[in-house]
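Data first, discussion second: the structure below is written as structure tokens.
A note on names: the letters A, B, ... follow the listed sequences, proteins ahead of strands, and every chain is numbered from 1. Computed from a prediction, not measured in an experiment: that's the story for all the values here.
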Amino acid sequence: MKYENFETLKKNSDFRRVYSRRRSFANKYLIMYVLENGTDTVRLGVSVSKKVGNSIVRHRLARLIREAFRLNSGNVKRGMDIVVVARDGLKGKSYYETEEAMIYLLNQHKLLL
RNA sequence: UGAGUAGUACAGAUGGUCGCAGCUGCAAGCGCCGAAAGGCCGCAGUUGAGGAAAGUCCGGGCUUCACAGGGCAGGAUGCCAGAUAACGUCUGGUGGAGGCGACUCCAAGGACAGUGCAACAGAAAUAUACCGCCAGAUUUCCGCGUCAGGCGGAAGGCUGGUAAGGGCGGAAGGGCAGUGUAAGAGACUACCGCGCAGCUGGCAACAGCUGCGGCACAUGUAAACCCCAUCCGAAGCAAGACCAAAUAAGGGAGCGUUACGGUUGCCCGCCGUGCUUUCAGGUAGGUCGCUGGAGCCUGCUGGCGACAGCAGGAUCAGAUAGAUGAUCAUCACGCGCAGAUGUGCGGACAUAACCCGGCUUACGGACUGCUCAUAUU
RNA sequence: GGAGUGGUAUCGAAGUGGUCAUAACGAGCCGCACUCGAAAUGCGGUUGUCCGUUCCGGGCACGUGGGUUCGAAUCCCACCCACUCCG
């Protein structure tokens, strides 16, 4: 998938590089890892564990996270790799609650312009 | 109205706005990414999950390998007939089981081919005599009686008969009634059951009738081995094909036709080729396969039916870390509150990954036929 | 996506049709001994859940639910969960 303002993380090694920096913030719904990637683009990786739910639930959560990021991506600092992990608490929550959690974590990382 | 039973279709709709993926059309520059193969960038139109997409339990198609052949294993199915590309599926029958009924369910070949197993209990488990019943001789005791022999009864062990009764067990050598007998026993008889033969009906499973066998081979287990009949080559789209690049989809050392690999699990046979040992670390690109199919809908014909044939019509998912989402409004549906209007909440299960036919499991409300019960007419 | 393996006390595991759950064996836990004290070692005991409940006795339990069998942890079928492998 290609979006106007950002790209996506694909490889397992990319995810591991971001995790290894351990720069993360979390709340009840999401965990966010961040790493500078040395470019001028933003790359998003979404991870939903199998423990959260079945395929329907996991796809739903991934789409909500992607949508929340997309609608705020214009304001995000460039040159970052961001991995967002969905937690169990996000299950059954609406778009607005997801977006609120996303913005809160982006602020914690001081990534919003 | 309630309870039940069989089945059918559906899986909210419409419209804005912002996004994602495929396809088609137009457009585009000596454009961008890349070592190359190849890919990307604009605009418009159009399309974009399911009945189970699930579990991966069966059956096919497709692909690669193996296809000279032989033997032994191994697996699956299992009443009969049919349907089908095929099936462990489906249809119609037969037999059995359950239900008042509509209707449902059944791994339903063979235990006279052979082998094994059957704990505990029980006397005995495929063969028996513990209690009991009966007979015989005998010992002791009692009674009667006698010149003597004897007669009757009781008890004990002994020998034999018995499978009716008791008891054990899931199962005890067909059942029940009678005759018979010392007591008994298919020893004999009727009926039922079983086996065999014949006839009738049916393609058949099987059913009905008649006769014969006195029952000897006859407990259960084949989801124990097995026998019989039928079927099965192996793996799977991460199959596989092509393209591109080589400091590495490997390197070093040693040995030399012994061996290794493939061929279904094994043996023979056959085919191919270097092989053995030791040792890292990281990288694995692109295109095709990829969706039009034993498919779907409607009608007619044949068939009880599964289904088949013919005619017409529609045909628009193909991602590759993986697209169908978000939000707003209106309407419809259900529930709650208020009660003409309104308002709030809610919509099950579950996401295609090469494609079909089934099975199984998860799950929402709606409708239709039929059955039973109750009430009313 | 596809191919496989396994579920038994708290843990690791044996048992593959009978009186087999005395749940072997090992670890763990508890107690005793040894020691100034501990560790190690040795000896003994305990194992889940429900019911009645003082000792103690009984039922249910081998992932779950059915079936075959007189009898199932074991054989058959369906489902659930965990783990491994693929180029």
Side-chain angles (χ1 to χ4, degrees):
Chain A
M1 278 181 291
K2 298 222 161 153
Y3 291 86
E4 259 179 82
N5 289 325
F6 64 96
E7 295 178 13
T8 53
L9 288 178
K10 297 187 189 339
K11 297 191 174 185
N12 187 27
S13 55
D14 292 338
F15 278 81
R16 276 207 299 248
R17 191 164 54 244
V18 176
Y19 289 139
S20 65
R21 263 309 177 80
R22 300 175 185 281
R23 280 176 59 192
S24 69
F25 284 100
N27 61 11
K28 210 162 53 171
Y29 302 147
L30 299 171
I31 308 170
M32 185 180 284
Y33 294 84
V34 165
L35 177 66
E36 293 91 348
N37 59 14
T39 69
D40 60 347
T41 60
V42 178
R43 298 198 295 175
L44 174 72
V46 180
S47 171
V48 186
S49 163
K50 218 169 186 177
K51 287 174 186 167
V52 175
N54 59 26
S55 173
I56 298 280
V57 171
R58 296 199 303 274
H59 272 87
R60 161 84 180 166
L61 298 188
R63 284 162 181 165
L64 282 176
I65 290 166
R66 240 185 277 126
E67 186 70 5
F69 188 81
R70 182 180 71 82
L71 293 175
N72 292 285
S73 60
N75 301 322
V76 173
K77 206 167 112 188
R78 321 302 301 169
M80 303 302 286
D81 282 355
I82 301 170
V83 172
V84 179
V85 179
R87 308 187 76 174
D88 204 42
L90 190 66
K91 201 176 356 179
K93 294 293 183 291
S94 71
Y95 168 74
Y96 291 114
E97 290 170 288
T98 308
E99 188 179 34
E100 201 180 317
M102 173 75 72
I103 290 169
Y104 170 79
L105 290 173
L106 286 171
N107 273 321
Q108 290 279 308
H109 281 292
K110 298 186 172 53
L111 292 177
L112 281 181
L113 299 175

Sort out for me which residue in A/Ile56, A/Thr98, A/Val48, A/Val84 forms a side-chain contact (heavy atoms from CB on, under 4.5 Å) with A/Leu61.
-> A/Val48

Atom [atom1] of [X] to atom [atom2] of [N]: distance rounded to whole Å?
X       : N      : atom1 : atom2 : result
A/Arg43 : B/A321 : CZ    : P     : 14 Å
A/Arg58 : B/A53  : CZ    : P     : 19 Å
A/Phe6  : B/C20  : CZ    : P     : 9 Å
A/Tyr3  : B/G19  : OH    : C1'   : 7 Å
A/Phe69 : B/C20  : CZ    : P     : 15 Å
A/Arg70 : B/A323 : CZ    : P     : 15 Å
A/Glu99 : B/G19  : CD    : P     : 15 Å
A/Arg63 : B/G325 : CZ    : C1'   : 6 Å

Who else is in the cluster with A/Leu71 when I, L, V, M, F, W and Y are joined by side-chain contacts under 4.5 Å?
-> A/Leu64, A/Tyr95, A/Tyr96

Want to settle it: does A/Glu67 or A/Leu71 sit nearer the 5' end of RNA chain B, counting the closest nucleotide to each?
-> A/Leu71

Residue whose nearest RNA chain B nucleotide is more 5′ - A/Ser55 or A/Tyr95 = A/Tyr95

Suppose you measure atom [atom1] in [N] against the same atom in [M]; what distance do you get, rounded to whole Å?
N      : M      : atom1 : result
B/G157 : B/A111 : C1'   : 47 Å
B/A352 : B/G325 : P     : 15 Å
B/G313 : B/G42  : P     : 41 Å
B/A350 : B/G55  : C1'   : 13 Å
B/C242 : B/A66  : C1'   : 24 Å

With both distances under 3.5 angstrom, what nucleotide forms a Watson-Crick or G-U wobble pair with [N]?
N      : answer
C/A40  : none
B/U315 : none
B/G19  : none

Phosphate oxygens OP1/OP2 of B/A323: is one of them under 4.0 Å from a side-chain N or O of A/His59?
-> yes

Do the side-chain N or O atoms of A/Asn54 get closer than 4.0 angstrom to the phosphate oxygens (OP1, OP2) of B/A54?
-> no

Evaluation steps, side chain to side chain contact (heavy atoms under 4.5 Å, CB included), between A/Tyr19 and A/Val85 = CA-CA 11 Å; A/Tyr19 289 139; A/Val85 179; 3.9 Å; yes

If the glycosidic angle sits within 90 degrees of zero it is syn, else anti. Tell me which applies to [N].
N      : answer
B/G51  : syn
B/A49  : syn
B/U258 : syn

Answer with base, sugar-phosphate or nothing: what part of the nucleic acid does A/Arg66 contact at a heavy-atom distance below 4.0 Å?
-> sugar-phosphate

Which listed nucleotide (B/C328, B/U324, B/C20) is nearest to the side chain of A/Tyr96?
-> B/C328

Any side-chain heavy-atom pair from A/Leu35 and A/Arg23 closer than 4.5 angstrom?
-> no

NZ/NE/NH1/NH2 to OD/OE distance under 4.0 Å, A/Lys93 and A/Glu100 = no

Rounded to the nearest 0.5 Å, the NE2 atom of A/His109 sits from the CG atom of A/Leu105 at a distance of 6.5 Å

